[in-house]
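Just below is one structure, and these are the notes that go with it.
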Amino acid sequence: MTPGRIVGVIRKMPSPVSEPTVGEQLSGAPEDAVAALRTASKAVHSELKNRADGAKGASKAVLEATALMAADPLLIKGGIKLINNSGLTPERAIWEAGASVAEMLHNLGGYMAERAADVLDVRARIVAELRGMPAPGIPLSDTPFILVGEDLAPADTATLDPSIVLALVTSSGGPQSHTAIIARALGLPAIVAAAGVETLTDGTEIYVDGAAGTITLNPGTTERTAAEAWATTSAILSVFDGEGRLKDGHLVPLLANVGGAKDAVKAAAANAQGVGLLRTEFCFLGRDTEPTIDEQVEAYRGVFDAFPGKKVVVRTLDAGADKPLPFLTDASEPNPALGVRGYRTDFTSPGVLERQLQAIALAAEGTEALVWVMAPMISTTDEAEHFAGMCAAAGLTIPGVMVEVPSAAIMSASILTHVEFVSLGTNDLTQYAMAADRQLGPLAELNTPWQPAVLQLIRLTAAGSETEGHHKPVGVCGEAAADPALAVVLVGIGVTTLSMTARSLSAVGAVLASVTLAEARDIAALALTAPTATEAKARVRAALPILAELGL
């Protein structure tokens, strides 16, 4: 759930376009089918072009590229050929033609491979047009609305305008799903895995309380007053003063999670106290070959330059699972989430990690940023020791590891004899501890960092940092850090820094500033001793009245 209180009318996302039946044959004249296909493709091209004309920035570029694909002669001619030669319906013909063109573009690699997704999007739009159905994607509207649907595809985010979309409500997804993360990044109130939303109809006015995870039909005076109060509160919470601290002055640096130089510049403008997670995948994804050291140096330096004199924690490549790379990971793995991903890719493709560490070290030269480096998916003490050695060989002096595998949490004391810090990736730690795919709506109740088992693993990690005289930093860079209530629990457990989307800094900072360290420890104890996630969350929220006051 993403906090926020909104009253608005809903617009529903059309259901995904289903694949036409294999071998579906024409019942009429081929020339009529060809004409229908041409008309549909022109309609899709015109609609996308009109949307592109009214868009800006990255959204405009995405829509323009997709519009071009709708008029692509190779795609349309391929469909016509299948109609004339195989007697296929225009829907089936364009479906198969789209698959062929997408495969060809993917095989070309580079920029052309990135256009494959546009072809598949256009294919679905043309089929919808032929069927007389609404086009997939976010509805076009001149007035603000609450978006309701099954889920939000990554491609849909390019056309999501926060000034028009007031809130998100989806029937699938989980608290760590793509939709939930995008909502937090955009500052949109959101409820995922919401039961019964498919029964709502377009134009219905509803009240959404993101923090409570509730929807109210026919909102009355109480709900409207709450929404008005939230509008005022959200304006206040949009500014972070640049110093995370508790009521008694105990410092808890609040850092930002970023995915490149543009993100870093925005985070610095939001007064983030550094970067707690630099996702280096932005250099590697969408490529068929490994980026050169020079390319990586340029990309990383842009982030470092945004934070002179401040900490920037770089996570080495976290490829695998939902981030496959053709030159590094095996797409045929039966269970990629438990396979060769993150640090483990060095087992099967040695050299990539070593070259990345070289690039990070070169990028750090001549900058004023304090560069820390951590490896994802570390499971054993031996792996932590090996990674620290690789960092030393590259000239990087502050190595650390991600704690996202339960074994690393349990063995944190031993691991910290070899590295200088750990950072908890609560998204994956929760997924692995609860054996629950974080993308699956039906498992949303399992897949929450409020689970007592997950909190106990975090406690073990923090305790490990205090044994044998370590007193080494323990950060959290997973989405749990962006939850103001959970942030208090994490600090009470012993976490020393929190890293989150830049939009969450002010809310987290405001709630932390309302408690002392002793109070945070008492509140953490309430959660740690709770028998269920629901009870843990309820206990903590009851102990933090400021959450209700701020609409969080």
Side-chain angles (χ1 to χ4, degrees), residues 1-12 138 141 143-149 152 160-171 173-175 177 179-197 200-240 444 448 450 479 482-488 500-514 534 537-538 540-552:
M1 311 305 174
T2 305
R5 293 167 176 168
I6 295 290
V7 171
V9 297
I10 72 166
R11 291 290 305 275
K12 297 187 74 171
I138 297 172
S141 175
T143 57
F145 62 91
I146 294 171
L147 182 62
V148 174
L152 195 65
L160 197 159
D161 183 351
S163 67
I164 296 295
V165 178
L166 301 173
L168 300 174
V169 180
T170 64
S171 59
S177 67
T179 298
I181 292 171
I182 285 296
R184 282 189 283 270
L186 294 175
L188 291 176
I191 301 176
V192 298
V197 297
L200 297 174
T201 56
D202 266 6
T204 302
E205 188 176 48
I206 64 172
Y207 168 70
V208 173
D209 186 334
T214 59
I215 299 168
T216 305
L217 298 178
N218 304 315
T221 303
T222 300
E223 289 79 17
R224 296 181 190 281
T225 300
E228 291 171 2
W230 168 255
T232 301
T233 300
S234 61
I236 296 173
L237 290 177
S238 64
V239 180
F240 173 55
T448 166
W450 283 100
E479 289 297 316
D483 180 338
L486 200 47
V488 173
M500 63 207 72
T501 176
R503 284 184 177 271
S504 300
L505 291 167
S506 55
V508 171
V511 175
L512 288 178
S514 72
T534 301
K537 187 173 183 179
V540 171
R541 293 190 66 84
L544 289 169
I546 189 174
L547 295 171
E549 294 170 14
L550 296 177
L552 299 171

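The shown structure was predicted, so the numbers you read here are calculated from the model rather than taken from an experiment.
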Point-to-point distance, once rounded to the nearest 0.5 Å, from [atom1] of [X] to [atom2] of [Y]:
X      : Y      : atom1 : atom2 : value
Asp202 : Ile10  : CG    : CD1   : 6.0 Å
Ile206 : Glu223 : CD1   : CD    : 11.5 Å
Leu544 : Glu549 : CG    : CD    : 10.5 Å
Asp161 : Leu147 : CG    : CG    : 12.0 Å
Thr204 : Ile215 : OG1   : CD1   : 11.0 Å

Say whether, by atom type as modelled, one donor and one acceptor occur between the side chain of Asp209 and the main chain of Thr214 under 3.5 angstrom.
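The answer is no, because no donor-acceptor pair under 3.5 Å joins these two groups.
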Taking every non-hydrogen atom, the tightest pair across [X] and [Y]:
X      : Y      : value
Asp483 : Trp450 : OD2-NE1, 3.2 Å
Leu550 : Ala510 : CD1-CB, 4.2 Å
Ala482 : Val508 : O-CG2, 3.8 Å
Val511 : Pro484 : CG2-CB, 3.6 Å
Trp230 : Pro3   : CZ2-O, 4.0 Å
Val169 : Ala194 : CG1-CB, 4.0 Å

What I'd like to find out is whether the side chain of [X] reaches to under 4.5 Å of the side chain of [Y], using heavy atoms alone.
X      : Y      : result
Val540 : Val488 : no
Ile138 : Phe145 : yes
Leu200 : Leu217 : yes
Val197 : Thr170 : no
Arg5   : Pro189 : no

Can Ser504 and Thr501 be counted as having a side-chain donor-acceptor contact under 3.5 angstrom?
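On atom types as modelled, these side chains do not qualify, holding no pair under 3.5 Å.
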